[in-house]
Amino acid sequence: IDSEDDLLQECISSAMPKKK
Amino acid sequence: PDSPLARWAKSLHSLLGDKEGADLFRRFLERQRCVDTLDFWFACNGFRQMDPGDAKTLRVAKAIYKRYIESGGGGTVAKQLKPPTKSFLRDCVKGQRLDPSMFDQAQAEVQASMEDNAYRLFLSSDIYLEY
């Protein structure tokens, strides 16, 4: 099971702009 | 005229929508010791895209609340939020009332503060001017 920090980091990363 | 620097100077949104711009702004905020505000801003966007019916979504809402809002001592995000915004979010999380837009108001308050402070400082910082 993912830790709280991992979930938060995943959520942040999902919203970050990707390299064009 | 359409250099990255010119685009980033247009608005905070155009800066944060660009990978290099967002990375540079992050480096600037790390120096200012307020990178939490940027992470929170992205976390709000990420949360909005999650499925409210997924059990993971509640865990993420709790994690965002705990990390950025509840933190008693010196949270840079918590300091920028109005008391009613914080109590609204506390009620949402404790009452497990999830909505994709629940962090919108908090995000808007943090964004306004970033635009007035960190973003303006960034546009005249060494890190930006030397890019």
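Heavy atoms only: backbone and side chains are in, while hydrogens, waters and symmetry mates are out. Reminder, nothing fancy here: chain letters follow the sequence lines and each chain counts from 1.
Remark: K66(B) engages E4(A) in a salt bridge, criterion side-chain N to carboxylate O under 4.0 Å.
Annotation: side chain of F47(B) is not in contact with side chain of I12(A) (no heavy-atom distance under 4.5 Å). Within the 4.5 Å cutoff, the side chain of C11(A) has heavy atoms near those of the V60(B) side chain.
Taking CG of L7(A) as the start and CE of M50(B) as the end, the distance is 7.0 Å to the nearest 0.5 Å. Here the CZ atom belonging to R67(B) is positioned 9.5 Å from the CD atom belonging to Q9(A), to the nearest 0.5 angstrom. Summarising the geometry, atom CG belonging to L8(A) is positioned 10.5 Å from atom CZ belonging to F40(B); distances are rounded to the nearest 0.5 Å.
With a 4.5 angstrom heavy-atom cutoff, L16(B) touches chain A only via backbone atoms.
Heavy-atom minimum distance, A15(A) versus G46(B): CB-N, 3.5 Å.
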